[in-house]
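Residue numbers begin at 1 in each chain, while the letters A, B, ... track the order of the sequences. Keep in mind that this is a model prediction, so the values were computed, not measured.
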There are 2 protein chains.
Amino acid sequence: MSDQLDTNGFTERQFLEQYDASQFDRPSVTVDMLIFTVANQVENNYRKLPPKTLQLLLIKRGEHPYLGHWALPGGFVQMNESLDEAAARELRSETNIDQIYMEQLYTWGDVQRDPRTRVISCSYMALVDSHSLLVQAGEDADEAAWFDLTYQVLEEKKVNRNDGHEKETTIELRLQHNDMMLNAVIKITNITKGRNTRITREVMDSSGLAFDHARMIQYGLERLQNKIEYTDIAFNLMAERFTLSELQQVYEIILGRDLLAAAFRRKVTDLVEPTDEYTKEAGHRPSRLYRYRS
Amino acid sequence: MSDQLDTNGFTERQFLEQYDASQFDRPSVTVDMLIFTVANQVENNYRKLPPKTLQLLLIKRGEHPYLGHWALPGGFVQMNESLDEAAARELRSETNIDQIYMEQLYTWGDVQRDPRTRVISCSYMALVDSHSLLVQAGEDADEAAWFDLTYQVLEEKKVNRNDGHEKETTIELRLQHNDMMLNAVIKITNITKGRNTRITREVMDSSGLAFDHARMIQYGLERLQNKIEYTDIAFNLMAERFTLSELQQVYEIILGRDLLAAAFRRKVTDLVEPTDEYTKEAGHRPSRLYRYRS
DNA sequence: ACAATAGTGTCTATTAGACATTATATT
DNA sequence: AATATAATGTCTAATAGACACTATTGT
């Protein structure tokens with residue numbers, strides 16, 4: 001600690017003693033969790049592999065605002081916990097699992113994004129293995145549900161200006177749980193002026209989704225798609241043992257496109273370790289089980 | 001707005017009217033700016049190209065805490081401005097330039113990171129072209145200075161455990177402005193347990209740098225190094241017209257390694273547009289000037 | 001002429017994509 | 001036997017790295 005005196009003649013200790021944070025207006029801060037998993041869909045054909053779906057956990061709000069709407073699990077950051085700790089706490093309270101992959105995504109700070117008061121929200125992404133999730137749902141009274149997440153690019157538009165250009169991408173998110181279907185449309189705008197590019201994300205429409213959570217979901221999906229290409233995070237979505245076809249399926253639903261098996265296997269061989277086990281009763285040639293080589 | 005009543009029998013409007021944010025403790029929120037530029041060093045040999053340095057703008061603190069220490073420019077987020085707006089305001093007040101590349105980096109929320117009170121800080125990175133920076137420094141009384149930023153990996157350690165492994169990387173940052181040299185040592189720890197990896201950054205030593213700004217700088221440098229590989233952000237550091245050798249120099253000091261000219265030129269040809277101009281009086285073969293193809 | 005950089009050609013190794021081929025348990 | 005997937009081989013195109021070679025200015 002410095003002994004220097006400030007313009008009021010205070011030492012650092014004296015300054016800190018008289019410091020009163022309450023003299024300034026402060027926003028509230030929350031964490032919001034994007035909890036992704038990949039689950040098997042039921043398949044009636046005994047020969048076919050069960051297709052997989054990317055799922056996201058949502059909570060039905062029991063309070064104002066957005067009462068009855070679905071929202072990302074989250075809550076206010078307490079004064080005695082770090083952001084990571086707050087995120088881990090929320091995660092634990094929803095999934096009952098520790099040791100989950102978790103990563104901070106982005107902090108959303110628009111002035112009017114919450115009707116209650118100024119709320120700044122730090123979003124996190126977590127990836128969980130659906131097999132270890134048998135102990136599903138929390139002890140909370142809240143209604144929680146895994147929604148199948150799909151998306152579609154509705155429109156791509158490029159407008160040229162004299163000092164640059166503008167690119168608009170309109171994306172529709174679809175979140176489905178049983179009969180319930182939530183839709184959201186997000187417009188992503190890239191404005192380029194000279195060498196400068198600015199990107200904004202607007203929620204154009206969001207039926208049944210609370211706050212600006214639709215764009216948080218779109219942002220998280222994009223991050224997941226990017227990171228799966230150059231990191232090993234996909235293994236957080238896998239069971240302890242898995243086949244290379246299952247691993248490929250996970251990559252395919254996240255990236256939204258088919259991959260060639262030969263090239264895929266070449267790319268992941270160094271990341272996995274073969275076990276001596278094989279799948280059984282599959283209706284076709286059995287597949288070797290692998291584990292992640294950490 | 002929903003007409004549903006909550007458990008207290010309130011409509012959403014009634015709920016919002018009685019909502020009192022002040023009943024909860026709230027942290028303070030700041031933005032901190034990493035403003036990078038690349039500048040020419042003076043070179044006495046008339047034949048040689050001037051070497052470039054990566055520079056970062058720091059402000060000498062005139063108040064407690066960390067009075068007299070150097071800090072990233074930044075300040076509290078006001079209630080009527082978004083995070084991006086707060087960052088743009090800080091940037092304008094230091095550089096007097098608009099239309100600067102700016103990107104949110106990471107939000108730092110450790111409980112004790114500020115001795116005054118609980119402060120959560122959202123860090124941003126900005127890239128500016130040093131040539132357009134002739135109007136340097138702000139009108140503030142603060143002392144601002146561009147520090148040359150270099151770094152060195154001091155140690156890489158890998159410890160195997162039975163349930164995983166730990167990787168520690170110790171990095172020294174050096175910030176130099178004239179005779180002034182600030183040093184900071186950051187320890188980055190990757191803890192892998194099973195399939196789960198968690199990463200932490202600790203400031204081990206930080207002479208003359210305020211708060212936890214050393215790790216913000218290390219994080220920003222890492223992001224810059226990653227993003228320069230797969231995006232066009234480097235052009236934000238260039239003048240309107242530049243030679244391909246200058247562009248290569250910028251890549252080299254950011255990445256910290258030499259690149260082969262032939263391969264580099266192949267990679268950037270689609271990103272640039274040749275002009276009819278050439279450098280003059282260079283002491284060697286003149287070089288064609290290019291501009292960014294946006 | 002010389003120093004220093006600018007700019008290009010080419011060989012090689014590596015990698016990704018495309019597609020064909022063989023293998024095998026289950027019903 | 002039929003089916004669906006598992007697993008591998010091979011050809012091709014594209015790309016990155018290495019390095020040599022030529023070009024061009026100012027002093």
Side-chain angles (χ1 to χ4, degrees), chain A residues 40-52 226 228-230 234 238-239 241-253 255-291, chain B residues 40-52 226 228-230 234 238-239 241-253 255-291:
Chain A
N40 285 334
Q41 280 180 317
V42 279
E43 176 61 45
N44 35 22
N45 186 333
Y46 75 94
R47 284 198 188 275
K48 291 219 171 166
L49 282 181
K52 297 199 181 284
N226 290 332
I228 203 176
E229 297 260 33
Y230 65 95
M238 307 305 296
R241 281 141 198 259
F242 50 83
T243 70
L244 294 187
S245 297
E246 284 178 310
L247 186 61
Q248 186 175 341
Q249 279 182 306
V250 169
Y251 274 79
E252 286 177 339
I253 50 153
L255 293 174
R257 63 187 156 92
D258 288 344
L259 303 174
L260 288 166
F264 180 79
R265 277 156 191 268
R266 268 195 304 247
K267 206 147 63 174
V268 299
T269 35
D270 289 345
L271 304 176
V272 296
E273 234 168 34
T275 71
D276 295 334
E277 291 177 71
Y278 288 82
T279 54
K280 282 176 200 158
E281 299 162 11
H284 48 74
R285 175 172 170 180
S287 180
R288 189 189 273 272
L289 293 174
Y290 290 79
R291 75 161 70 82
Chain B
N40 285 334
Q41 279 181 317
V42 279
E43 176 61 47
N44 34 21
N45 186 335
Y46 75 96
R47 284 195 188 277
K48 290 218 172 169
L49 281 182
K52 296 200 181 284
N226 290 331
I228 203 175
E229 298 258 34
Y230 66 95
M238 307 305 296
R241 281 140 199 260
F242 50 84
T243 70
L244 294 186
S245 297
E246 285 178 310
L247 187 61
Q248 185 175 342
Q249 280 182 306
V250 169
Y251 274 79
E252 286 176 340
I253 48 152
L255 293 174
R257 62 187 157 92
D258 288 344
L259 303 174
L260 288 166
F264 180 79
R265 278 156 189 269
R266 269 197 303 247
K267 207 149 62 178
V268 299
T269 35
D270 289 345
L271 304 176
V272 296
E273 234 167 34
T275 71
D276 296 332
E277 290 178 71
Y278 288 81
T279 54
K280 281 175 200 157
E281 299 161 12
H284 48 74
R285 175 171 169 179
S287 181
R288 188 190 273 272
L289 293 173
Y290 289 79
R291 74 161 72 81

Q: Could you list by number each residue of residues 245-253 of chain A showing a heavy-atom separation from DNA chain C of less than 4.0 Å, or answer none if no residue does?
A: none
Q | Euclidean distance, atom CZ of residue B/Arg265 to atom P of C/dT5 [Å, nearest integer] | A | 13 Å
Q | Nearest atoms (heavy-atom pairs only) where A/Leu259 meets A/Glu252 | A | N-OE2, 2.9 Å
(Q) Can a donor-acceptor pair be found, under 3.5 Å and without considering hydrogens, that links the side chain of A/Ser287 to the backbone of A/Thr279? (A) no
Q: Sort and list the pairs that fulfil ring pair (Phe, Tyr, Trp, His ring centres under 6.0 Å) and have at least one residue in residues 265-288 of chain A, not counting sequence neighbours.
A: none
Q.
So which atom in B/Val250 and which in B/Met238 form the shortest heavy-atom distance, rounded to 0.1 Å?
A. CG2-SD, 3.5 Å
Q) Which residue pairs pass the side chain to side chain donor-acceptor pair (under 3.5 Å) test when at least one of the two sits in residues 256-265 of chain B, sequence neighbours left out? A) B/Glu229-B/Arg257
Q. Tell me, for nucleotides 19-27 of chain C in 5' to 3' order, what letter each nucleotide earns: B for a base near a protein heavy atom under 4.0 Å, S for only sugar-phosphate near one, - for neither?
A. B---BBBBB
Q. More than 12 foreign heavy atoms under 6.0 Å from CD of A/Glu281: is that the case here?
A. no
Q) What about A/Arg266: does its side chain form a donor-acceptor pair under 3.5 Å with the base of C/dG17? A) yes
Q. Which class fits the ring pair B/Tyr230 and A/Tyr230: parallel under 30°, tilted 30 to 60°, perpendicular over 60°?
A. tilted
Q. For A/Leu49, which contact category applies under a 4.0 Å heavy-atom criterion: base, sugar-phosphate, or nothing?
A. sugar-phosphate
Q. Quick check: does any side chain N or O of A/Glu246 sit under 3.5 Å from a backbone N or O of A/Lys52, one acting as donor and the other as acceptor?
A. no
**Q.** Distance-minimising heavy-atom pair for A/Arg288 and A/Tyr290
**A.** O-CD1, 3.5 Å
Q.
Without decimals, in angstroms, what is the distance between B/Tyr278 OH and C/dT5 C1'?
A. 15 Å
Q. From the 5' end of DNA chain D to its 3' end, which nucleotides mark the outer limits of contact with chain A, defined by a 4.0 Å heavy-atom distance cut-off (strictly under)?
A. D/dA2 to D/dT10
**Q.** Residue pairs passing the salt bridge (Lys or Arg N to Asp or Glu O under 4.0 Å) test where at least one lies in residues 271-280 of chain B, sequence neighbours excluded
**A.** B/Arg241-B/Glu277, B/Glu273-B/Arg291, B/Glu273-B/Arg293
